[in-house]
Amino acid sequence: MRFLTFITLVLLVNNLNAQFLDLKYEDIEPGVMIASYSLKYQRDSTNPNNIRNSSMMLLLGRTISKFVNSAYYISDTTTRKFTTEKQIIDYMSNPQRQPVAFTYQIFKNYPEGKITFTDVIPSDTYKYEEDLNLFEWNITSDTGTFCNYKAQKATCEFGGRSWIAWFSPDIPYSDGPYKFNGLPGLIVKVYDTRNHYVFELISIGKPEKSLMIDIEDKDYIVTTKQEFFQAQDSFREDIVNRAREAGGDNQMQQTAAKSMAQRNNPIELKRK
């Protein structure tokens, strides 16, 4: 088991209670399409040979969308069915369970005109809002083909990175992976110019069964984007103590610190 996963699991178990087993969700809107994306990313800016891969999902409704890590989505929908702490612990500690790469969830146009971002910093869940119109796109005349769709090129600056996006007017959704949106067609590929983060559409289609886009109804720590990143930094800086609280010996504490130090290349380098 990964060291940080172990720490998160222990903190989770220590905070399990009846409320955790009685989760409530707010239905937002039925999903009409699911777009699956691959993500290749370089977590450690000093190690270009260590490229990680993850599967992501964009759930598209009529007016809103939800972007989430596929493994996190599966874990979330699975644990909702559990009624005992043992079921949760057994599931979360199963070495065969697909590892969750990202715990953030991004809701676009929810509320209207806003992006809602939620993420876990053990053992709390944070939430902040941003304006939906984050991006000042420069649409070019360049064209290409991605995932068998004709696409057009656009560029922008975001989060301290320069981005290149390819969008398809043939897919009439002004949306895309992560927070990206605002182009006249679905973004089928988007990447920063250093190729540290590369999202690419794998497939898009209607869900096989009815799908509700929802959000957990809970006591979030409602904050700003900048304050969220500050809380994330505090967790990183306190990782040795967190590992100690989780029962880790000195070696595990140092391994956790090393692992955290290698997570130095977030998708958003700038926080304003």
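This structure is a prediction, so every number in the text was calculated from the model and none was measured. Counting from 1, the numbers follow the sequence of the chain as shown. These values consider heavy atoms only, across backbone and side chains, with no hydrogens, waters or symmetry-generated copies.
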(message) For Lys24, is there any backbone N or O sitting under 3.5 Å from a side-chain donor or acceptor partner on Asp217?
(response) no

(request) Could you tell me which non-hydrogen atom of Tyr220 sits nearest to which non-hydrogen atom of Tyr126, and how far apart they are? (result) CD2-O, 4.2 Å

(request) Rounded to the nearest 0.5 Å, what's the gap from CG on Leu134 to NZ on Lys108? Could you check? (result) 10.0 Å

Determine all donor-acceptor pairs shorter than 3.5 Å in which one atom belongs to a side chain in residues 196-205; sequence neighbours excluded.
residue : atom : partner : partner atom : Å
His196  : ND1  : Arg161  : NH1          : 3.4
His196  : ND1  : Asn265  : ND2          : 3.0
Tyr197  : OH   : Asn265  : O            : 2.6
Tyr197  : OH   : Ile267  : N            : 3.4

(request) Could you point out which residue of Glu216, Lys66, Lys127 forms a side chain to side chain donor-acceptor pair (under 3.5 Å) with Gln105? (result) Lys66

(message) For Asp219, is the CG atom crowded, meaning more than 12 foreign heavy atoms sit under 6.0 Å from it?
(response) no

(request) Kindly compute the distance separating CD1 (Ile213) from CD1 (Ile64), expressed to the nearest 0.5 Å. (result) 4.0 Å

(request) Verify, without hydrogens or angle tests, whether Thr116 (side chain) and Tyr110 (backbone) share a donor-acceptor contact under 3.5 angstrom. (result) yes

(message) So, taking the atom named CZ in Phe102 and the one named CG in Leu39, what distance separates them when rounded to the nearest 0.5 Å?
(response) 5.0 Å

(request) Can you spot which of Glu227, Lys225, Gln226 makes a side chain to side chain donor-acceptor pair (under 3.5 Å) with Thr223? (result) Glu227

(request) Could you pull out the closest heavy-atom pair between Ala71 and Pro99, with the gap in Å? (result) CB-O, 3.5 Å

(message) With a 6.0 Å cut-off (strictly less than), is the heavy-atom count around NZ of Lys218, excluding the residue itself, greater than 12?
(response) yes

(message) Looking at Arg263, is its backbone amide N or carbonyl O close enough to the side chain of Arg236 to form a donor-acceptor pair, meaning the two atoms are under 3.5 Å apart?
(response) yes

(request) Taking all non-hydrogen atoms of both residues into account, name the closest pair between Val120 and Thr103 and its distance. (result) N-OG1, 3.7 Å

(message) Using side-chain contact (heavy atoms from CB on, under 4.5 Å), reason through Arg52 and Lys40 one step at a time and then give a plain yes or no.
(response) CA-CA 6 Å; Arg52 293 174 176 264; Lys40 294 182 179 180; over 6 Å; no

(request) Write down the atom of Tyr149, the atom of Ser168, and the distance for their closest heavy-atom approach. (result) CB-OG, 3.8 Å

(message) Quick check: do Met56 and Asn69 have side-chain heavy atoms less than 4.5 Å from each other?
(response) yes

(message) Any heavy-atom pair between the side chains of Lys114 and Asn109 that's under 4.5 Å?
(response) no

Compile the donor-acceptor pairs under 3.5 Å between side chains in residues 178-191 and protein atoms, sequence neighbours left out, one pair per line.
residue : atom : partner : partner atom : Å
Tyr178  : OH   : Glu268  : OE2          : 2.6
Lys179  : NZ   : Tyr128  : OH           : 2.9
Lys179  : NZ   : Glu130  : OE1          : 2.6
Lys179  : NZ   : Glu268  : OE2          : 2.8
Asn181  : ND2  : Leu132  : O            : 3.1
Asn181  : ND2  : Lys179  : O            : 3.0

(request) Could you tell me whether a side-chain N or O of Ser55 sits under 3.5 Å from a main-chain N or O of Ser70, the two making a donor and an acceptor? (result) no

(message) Count I, L, V, M, F, W, Y as connected when their side-chain heavy atoms are under 4.5 Å apart, and connections chain through other members. Are Leu269 and Phe228 then in the same cluster?
(response) no

(message) For a quick test of reading the model, state the closest non-hydrogen atom pair linking Pro169 to Phe167 and the distance between them.
(response) CD-O, 3.6 Å

(request) Decide whether Ile221 and Ile115 are clustered together by the hydrophobic rule: side chain heavy atoms of Ile, Leu, Val, Met, Phe, Trp, Tyr closer than 4.5 Å, transitively. (result) yes

(request) Assess whether side-chain contact (heavy atoms from CB on, under 4.5 Å) is satisfied between Ile51 and Gln42, documenting all intermediate values. (result) CA-CA 5 Å; Ile51 303 299; Gln42 184 181 326; 3.9 Å; yes

(message) Return the SG to CD1 distance between Cys156 and Ile139, rounded to the nearest 0.5 Å.
(response) 11.0 Å

(request) Could you tell me whether a side-chain N or O of Asp192 sits under 3.5 Å from a main-chain N or O of Arg194, the two making a donor and an acceptor? (result) yes

(request) Please indicate whether Arg80 has more than 12 foreign heavy atoms, meaning atoms of other residues, nucleotides or ligands, lying under 6.0 Å from its CZ. (result) yes

(message) Any side-chain to backbone donor/acceptor pair from Trp166 onto Gly144? Under 3.5 Å, distance only.
(response) no

(request) Check whether the side chains of Gln152 and Thr143 place a donor and an acceptor atom closer than 3.5 Å, and report yes or no. (result) no

(message) Does any part of the side chain of Arg43, heavy atoms only, come nearer than 4.5 Å to the side chain of Asn50, both counted from C-beta?
(response) no

(request) Find the distance between CD (Glu29) and OG (Ser65) and round it off to the nearest 0.5 Å. (result) 9.5 Å

(message) Let me check something: do Met212 and Ile34 share a hydrophobic cluster, defined by ILVMFWY side-chain heavy atoms less than 4.5 Å apart, either directly or through other members?
(response) no

(message) Using side-chain heavy atoms (C-beta onward) and a distance below 4.5 Å, is Pro111 in contact with Glu129?
(response) yes

(request) Quick one: pull up CG in Asn49 and CG in Asp44 and give me the separation to the nearest 0.5 Å. (result) 10.5 Å

(request) Answer yes if the ring centres of Tyr104 and Phe117 are under 6.0 angstrom apart, and no otherwise. (result) yes

(request) Look at the side chain of Asp124 and the backbone N and O of Ile121, then say whether any donor-acceptor pair between them is shorter than 3.5 Å. (result) no

(message) Check whether Thr77 reaches the backbone of Tyr73 with its side chain - one donor and one acceptor, N or O, closer than 3.5 Å.
(response) yes

(request) Considering non-hydrogen atoms only, spot the tightest contact between Phe146 and Ala151 and give its length. (result) CD1-CB, 3.9 Å

